[in-house]
Structures are given as structure tokens and as C-alpha cells.
Amino acid sequence: MAENNFTTPEEDKMIDDAFNDVLEGYLNSNHRKKVEIIKRAFNFAKEAHKGIRRRSGEPYIMHPIAVAKIASQEIGLGSTSICAALLHDVVEDTDYTVEDIEQHFGKKIAQLVAGLTKISGGIFGAQASAQAENFRKLLLTMSEDIRVVLIKMADRLHNMRTLGSMAPNKQYKIAGETLYIYAPLAHRLGLFEIKTELEDLAFKYEHPEAYQRIEQQIKESEQRRSIEYEDFAAPIRRILDEMGLNYTMKARVKSVYSIWNKMETKHIPFEEVYDLYAVRIIFDCDDTTKEKAICWQIYGAINELYRFHPDRTRNWISKPKANGYQALHMTAMGPDGNWIEVQIRSKRMDEIAEKGFAAHWKYKIGEGDEESELNAWLRTIKDILDNPEPNAIDFLDTLKLNLFASEIVVFTPKGELITLPNNATVLDVAFELHSQIGCRCIAGKVNHKLVPLSQKLRSGDQVEVLTSQSQTPKEEWMDFLVTAKAKTRLRQALRKMQHPTIAKGKEIFDNFLQQHGIADTNEVVTKLQGMYKVNNRDELYLLLGREEIALSDDVAKLFKKQPESKGLLSKILRLPLAVVPTKSKEKEPQSPGIETPQKINTKETYHLHYNEKGSNFRLADCCSPIPGDNVLGFIDDNGEVVVHSVDCPRALALKASFGSRLLSTCWDVTVGKFLAHIHIEGIDRFGILQELIQTISTHMSINIRSLHIVAEEEVFRCDLTVLIDDSKVVSELCANVKRINGVRQATRIH
């Protein structure tokens with residue numbers, strides 16, 4: 001942001017036009033018309049942000065106006081939320097306080113602005129502890145008033161739409177954070193339009209070339225798709241007209257991100273993504289009691305025309321998703337022999353699906369059965385937040401898994417429904433029922449058959465939990481628990497059991513530091529955690545208390561003796577989150593919260609050098625990138641640059657959690673060889689292995705380091721590792737292998 005104390009007449013007109021656009025949309029909605037307070041909020045915000053400009057150069061007030069427009073017209077919120085959106089940056093960026101907002105606009109708007117101020121500047125700060133704490137604030141505020149997160153979602157969407165004006169490393173951080181947290185959160189809240197746009201925008205900045213290529217391929221295939229759609233839709237229209245329904249029918253093309261995701265996970269080219277679009281039928285129905293019957297009538301009519309895929313019918317009208325989504329899905333075989341998904345829903349269901357059920361929660365419609373699902377989810381979030389000190393990345397990963405999770409529904413012996421994430425186990429059900437049942441659980445009965453605690457459940461299973469008074473919680477249970485609620489409750493139970501041992505370990509640790517004159521600083525603990533491969537202080541104390549490790553005089557030599565600090569300074573140094581700066585020029589491991597080493601400028605592109613003498617980077621083991629790949633750099637605790645593929649799952653977590661330590665990178669001319677893994681599939685025939693080896697080794701002079709080939713009946717699969725110079729060689733190798741008679745697929749895998 002920059003200061004410039006005047007706006008031009010053209011800019012004043014632009015600001016007024018943008019605000020009038022917000023007002024017009026609000027007046028066309030079905031909310032009560034509270035125009036006066038919205039105008040007052042606009043004038044207040046305009047005056048507060050006077051003279052401030054965004055990085056793009058436009059007056060800052062344009063951002064709150066844009067956020068208010070998204071909150072109103074794309075999410076469907078009312079005047080209270082519009083006012084809060086207009087005022088959301090006032091407390092953060094100006095001298096006004098929450099009390100000033102309350103005095104001018106009342107308690108409710110002030111509470112929303114206060115909630116938004118708490119979580120401003122992105123979810124994550126520089127330190128790991130702060131990341132988890134800020135995310136807790138976001139979720140706690142959400143469980144108090146869902147509108148805070150909905151306005152935050154509008155704020156994030158506008159920031160993503162204007163991301164082009166940011167520096168490359170900021171783009172990586174914000175795009176990574178968006179994919180990691182905001183997109184799944186939008187999905188969970190039922191904001192499907194916003195979720196899709198957030199994913200596409202994040203993908204556009206992370207993989208610009210792939211984004212443009214897929215976008216171009218979608219345009220080029222548009223004419224063919226239109227013909228296919230008309231051939232498929234015409235007979236359905238005739239039947240629906242005969243039924244006398246008022247309806248709209250349209251083809252919905254998959255988003256660029258979801259197409260790319262499918263290509264990556266299934267290792268297929270664009271041409272083989274057959275479900276590029278879905279057909280959506282939306283019908284008018286004033287009587288909600290008749291909606292389900294009409295859905296099934298349409299389903300039956302289409303069934304007369306086309307053959308259905310037996311495993312691809314999804315009934316979300318009888319049991320809506322936890323975010324309120326309702327629709328009937330089926331997959332039909334079109335005239336051209338391709339499978340086409342058909343989605344049937346009423347106008348009311350469509351509005352909930354597009355704008356998000358959360359927008360209606362307690363504000364537009366009364367508390368009903370469907371709201372109770374969302375309330376249950378919000379209660380679960382509060383339950384997660386009871387865990388006082390989770391490792392930040394683990395904490396975020398747990399929540400992310402729960403946000404993304406596909407859901408299953410299981411039954412208790414009494415017939416009660418329990419909604420759980422996909423892959424949930426018997427033990428998850430036990431902890432869902434009660435902490436004590438989880439801690440005492442010894443086995444389960446699924447559909448009357450005895451099964452172990454780790455048994456994964458499927459939708460429709462009837463689950464009975466068996467307990468024993470002699471059973472105690474086990475650490476290894478964490479390996480097969482899925483729900484955040486169960487993991488939190490197990491951690492609490494284990495901590496309670498381990499408390500005496502941890503206290504003993506802490507006493508040993510404190511005595512050790514005192515004997516050797518070592519201050520209890522964050523650096524000391526971080527070094528010891530790294531040495532003994534533990535995540536936090538409690539784990540370190542636990543190992544000491546169990547006498548599984550011992551702190552010897554040799555360990556003490558690793559730390560410089562520091563004079564004992566007394567009084568207030570000693571208390572400050574002993575705070576668990578204190579980061580003590582050091583003037584030592586020695587290269588020491590850094591804790592996650594310490595700033596990026598000054599010698600590397602994170603704002604400039606970092607050039608990756610590699611030759612016979614060495615390199616200025618290290619390749620990440622998790623994704624094994626090679627020169628030519630789309631990569632980013634991450635400065636680790638030792639100041640070393642670790643290179644990850646942009647779409648590596650580990651990089652996603654790093655982008656969301658350690659944005660200040662990311663580097664925009666580019667490959668310089670390299671000398672050296674890198675390992676790449678190739679997967680090949682095709683129709684088996686005599687001599688095909690010889691041709692493969694001849695093509696790769698003889699014709700292309702590529703060194704094969706390992707090869708594993710298996711043939712089952714008529715099909716073969718081959719995995720090989722090769723030494724190559726860069727990603728272009730891999731593309732060339734795959735193209736040449738595909739030309740071999742019988743090979744159907746050749747793709748690089750990570």
C-alpha cells in the first residue's frame with residue numbers, strides 16, 4: 001500500500017459506480033432493505049482509507065467494495081455482512097478501533113469486524129506456533145458466527161483475482177495457502193462456485209503453462225462438445241416437456257484445475273478425460289415436499305432413454321452432504337459411447353449448491369434438520385481446538401484431511417446415523433460416541449462380524465463397539481485414526497497418562513540445564529528435538545522420563561555456556577515461544593520461527609546452479625524434481641535451499657505455513673544426471689521388452705538404472721528408473737516409447 005492524498009475525478013466516478021453496483025445487487029435480493037446503514041459504512045470506510053492505494057495503484061477503497069460485492073451477490077449475505085465487508089480493513093489499517101465501529105454501527109457489525117481483524121494478513125504468520133494459533137482464531141470465530149469466515153472467503157477471492165500485482169514469492173505463498181486451506185474450507189461450506197474459482201486461480205499462478213495449455217484445449221474441443229451435448233440432450237428435453245416441467249438444462253464444463261488433477265492422478269492425456277462436462281437439470285418447484293418425487297421421476301424418464309453406470313448413482317436428496325448439498329447424480333452412456341454425468345436438482349437445491357448452504361444458516365431460513373449437520377461440524381471444530389499444543393503442520397494437516405474428506409454414513413445398533421470421513425475406522429466411531437468408549441475400545445462388530453479396531457468402514461455399515469475396563473489408550477492407534485475429533489481425544493488421553501513421566505522428564509531436563517549453565521532457549525530445545533527426532537518439548541520430556549535417552553556431558557558441549565540470567569530476563573528467556581537472537585556468526589540450525597537468512601533475497605528469483613563441483617540447492621526426496629520442472633525453493637532450518645515440485649503435497653503445506661521462506665526459482669544451465677521414474681502400460685506381445693530397451697538405451701543413449709515389468713494375461717506394466725539431463729528428455733522418452741506397437745501409456749511418475 002502507498003499513500004497518495006488525492007483521487008482523480010475519474011477515480012471518484014469509478015468508486016461511486018462500484019459502490020452503486022453493490023447497492024443495486026443488494027436491492028434486487030430478497031433481504032430487508034437497509035440501504036442507509038450500508039451508505040454510512042461506505043462513507044466511513046472511504047474516509048478512513050482516504051489517500052491509501054493498493055499495490056496495483058488503484059484507490060484502496062476499491063478492495064472493500066469488491067469484497068462487499070462478492071459477499072452480497074456471490075455468497076448471498078445481507079446488510080450486516082455488507083457493512084462488515086466494507087469496514088473489514090478499517091481497524092487493521094487505520095487509527096479507528098473496534099469500539100469506534102460499535103459506536104457508529106452497533107454491536108453485531110463491530111463483532112464481525114473484530115473477528116475479521118483477528119485473522120487478517122492471511123492465516124499464517126512467520127512462526128509455526130503462530131500459524132496454528134491464527135488458524136484456531138479463524139475456526140473459533142467461525143463457530144461463533146459463520147459470517148466472519150464467509151466474508152473472509154470473499155476477501156481471499158478478491159485477493160486471488162488481483163494476485164498479479166504481487167511479487168512471485170508472495171504469489172506462491174498466497175496461492176499455496178489458498179489451495180491448502182481456503183479451497184477445501186469453501187468446499188466444506190458448500191461454496192462450490194468460489195471453491196472452483198479459488199482452485200483455478202491458485203493453479204493459474206502455480207502452473208501458468210499447464211493452465212494456458214488446458215484452457216486452450218478446452219476452447220479447441222468446444223465445438224465437438226456442443227454437438228455431443230445436443231445429441232445427448234435433445235431426447236431428454238422432449239421427455240421433460242411431455243412431463244410439463246418448468247426447467248433449465250445446461251452443460252457444465254469441468255474446471256481447469258479438476259481436469260489437470262484428473263490427468264495427473266490417472267496419468268492420462270487431455271484427450272482421455274471423457275467426463276469433461278456434466279449435464280445439469282434444474283426444475284422449478286414451489287412445494288418442497290414434492291422435490292424428491294420429481295427428481296426420481298426425471299431419473300426414471302432418463303433411464304428409459306439411456307443405459308446407466310450401475311456404480312455411479314449418487315443419492316444426495318434423501319441424505320444431503322454435511323454442507324447442505326442436495327442433488328441426484330447418475331452417469332449415463334451417451335449416443336457417442338462416452339459416459340456423461342447427469343445432475344438433477346430443484347431451483348432451491350441449486351441455490352444452496354451454488355451459493356453455499358452456510359449463507360442461509362440462521363439468517364435466511366430457520367433452524368431445521370439440515371442446519372443441525374453444519375452445527376455438528378462446527379461443534380467438532382471446537383472439539384479440535386481443545387487440544388492446546390499440537391504441532392502446527394500436523395494440526396493443519398488433520399484439519400485439511402477432515403475438510404477434504406468424502407463422507408460415509410454408518411449406523412449404530414439402535415439405528416442412529418453417524419457421518420464420518422472416508423476411510424474412518426471402528427475406533428473413530430468409538431471416539432465419536434464418547435472419549436471413554438474410545439479409550440476402552442478393544443474391538444468392534446461390523447454387520448454382526450467381529451473386526452479389529454483398525455477396520456475401515458463403508459457407507460451403510462452397522463457398527464457396534466466392544467469395550468473392556470482393562471483396556472488403555474495406545475500411541476499406535478494414531479496411525480489408523482482418521483477423524484480430527486478422535487485424534488484430539490486420543491492425544492488428550494495419552495497426555496493424561498503420560499503426565500507423571502513428562503513431569504519427571506522435565507525435572508531431568510531442567511537439572512541438566514542448571515548443572516551446565518545452559519539457558520532454556522528455543523534454539524537449545526530445537527537442537528535437542530532435531531537430535532532425538534521428536535516434534536515438541538513434551539515428546540522430549542517423555543523420552544527422558546522413560547529413560548529412553550540420556551543427556552550426557554557430550555550433549556552439553558554442543559551448547560555454549562551462557563551466564564545464568566536472573567530476575568525478569570530469566571523469566572522472559574524461559575517462555576516456551578521466546579526466540580533469542582544470537583550474534584554468533586556460526587551457522588546454526590534455525591527454529592521454524594526464525595527469519596530467512598539475510599544472504600538470500602526472497603524477493604528476487606533464485607538461480608539454481610549445478611555442476612561437477614556441486615550445487616547451491618538440494619532436491620527434495622518427497623517429489624524428486626528434475627531440471628525443467630516447475631519448482632519452488634524453500635529455505636530450511638540450516639539456511640539450505642531445498643527444491644520441491646510446485647504441486648508436491650509437502651510443498652503445499654510449506655507454502656501455507658512458511659510463506660516468508662519461499663523462493664521463486666529458475667534453472668540455470670546444468671551439468672549432471674538426475675533420476676526420473678517412468679510408468680509404461682500396454683498390450684503384451686513377444687519381443688516388446690527388447691524394443692523398449694532398444695528404444696531407450698540404444699537409440700536415445702539413456703542409462704536405465706532399474707526396470708520392473710509384469711505381464712498379466714494380455715496386459716503388461718513396466719516401471720523403470722532412468723538417468724537423464726532434464727525434463728525435456730523425459731518428455732521425448734515418453735513420446736518415443738508411445739510409438740512402439742502395443743504401448744498405450746508412458747508417463748513420468750513422482
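Just so we're clear, the structure is a prediction, and the values are computed from it rather than from any experiment. For the single chain, residues carry numbers from 1 onward in sequence order.
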State whether a side-chain donor-acceptor pair under 3.5 Å links Gln326 with Arg348. yes
Let me confirm one number: the CG-CG distance from Leu494 to Asp538, rounded to the nearest 0.5 Å. 11.5 Å
With a 3.5 Å distance limit and no angle check, can you tell me whether Tyr247 reaches the backbone of Ser346 through a side-chain donor-acceptor pair? no
Checking the side chain of Ser258 only, and the main-chain atoms of Lys254 only, is there a donor and an acceptor separated by less than 3.5 Å? no
Tell me if the CD atom of Glu712 is crowded by more than 12 foreign heavy atoms within 6.0 Å. no
Could you give the distance from CD (Gln455) to OG1 (Thr425), rounded to the nearest 0.5 Å? 9.5 Å
Have Glu341 and Thr331 got a donor and an acceptor in their side chains that come within less than 3.5 Å? no
Return the CD to NZ distance between Gln297 and Lys292, rounded to the nearest 0.5 Å. 14.5 Å
For Ala278, does its backbone N or O pair with a side-chain atom of Gln343 as donor and acceptor, under 3.5 Å? no
Ser81 (side chain) donor-acceptor with Leu77 (main chain) under 3.5 angstrom: no
Output yes when a side-chain donor or acceptor of Asp200 lies under 3.5 Å from a complementary backbone atom of Phe203, and no otherwise. no
Which residues pass the ring pair (Phe, Tyr, Trp, His ring centres under 6.0 Å) test with Tyr299, sequence neighbours left out? Trp296, Phe308
Side chain His267, main chain Glu264, donor-acceptor under 3.5 Å: yes
When you measure from the side chain of Arg440 to the backbone N and O of Gln471, does any donor-acceptor pair fall under 3.5 Å? yes
With sequence neighbours excluded, give me every salt bridge (Lys or Arg N to Asp or Glu O under 4.0 Å) pair touching residues 457-475. Glu475-Arg546
With sequence neighbours left out, write down each residue that passes side-chain hydrogen bond (donor to acceptor under 3.5 Å, both in side chains) with Thr178, or none if nothing qualifies. Arg156
Applying side chain to side chain contact (heavy atoms under 4.5 Å, CB included) to Thr313 and Asn315, what does each step give before you reach the verdict? CA-CA 7 Å; Thr313 297; Asn315 175 10; 5.6 Å; no
With no hydrogens and no angle check, do the side chains of Arg225 and Tyr229 hold a donor and an acceptor under 3.5 Å apart? no
Residues Leu457, Val426; criterion side chain to side chain contact (heavy atoms under 4.5 Å, CB included); working and verdict: CA-CA 7 Å; Leu457 304 171; Val426 169; 4.1 Å; yes
Sub-4.5 Å side-chain heavy-atom contact between Val429 and Leu433: yes
Any chance you could lay out the side chain to side chain contact (heavy atoms under 4.5 Å, CB included) test for Val279 and Arg252, step after step, and finish with the verdict? CA-CA 6 Å; Val279 172; Arg252 184 64 174 261; over 6 Å; no
Does atom NE2 of His309 have more than 12 heavy-atom neighbours from other groups under 6.0 Å away? yes
Got a second to check how far Met249's CE is from Ile282's CD1, nearest 0.5 Å? 11.0 Å
Would you say Asp287 has more than 12 foreign heavy atoms packed within less than 6.0 Å of its CG? yes
Hey, could you give me the CG/CD1 distance between Leu328 and Ile317, rounded to the nearest 0.5 Å? 5.0 Å
Using atom types as modelled and distance alone, determine if a side-chain donor or acceptor of Arg307 lies under 3.5 Å from a backbone N or O of Met333. no
Exam field: side chain Asp428 to backbone Thr483, donor-acceptor pair closer than 3.5 Å: yes
Answer whether the closest heavy-atom distance between the side chains of Lys445 and Val451 falls below 4.5 Å. no
Regarding Asp241 and Arg238, does a basic nitrogen lie under 4.0 Å from an acidic carboxylate oxygen? no
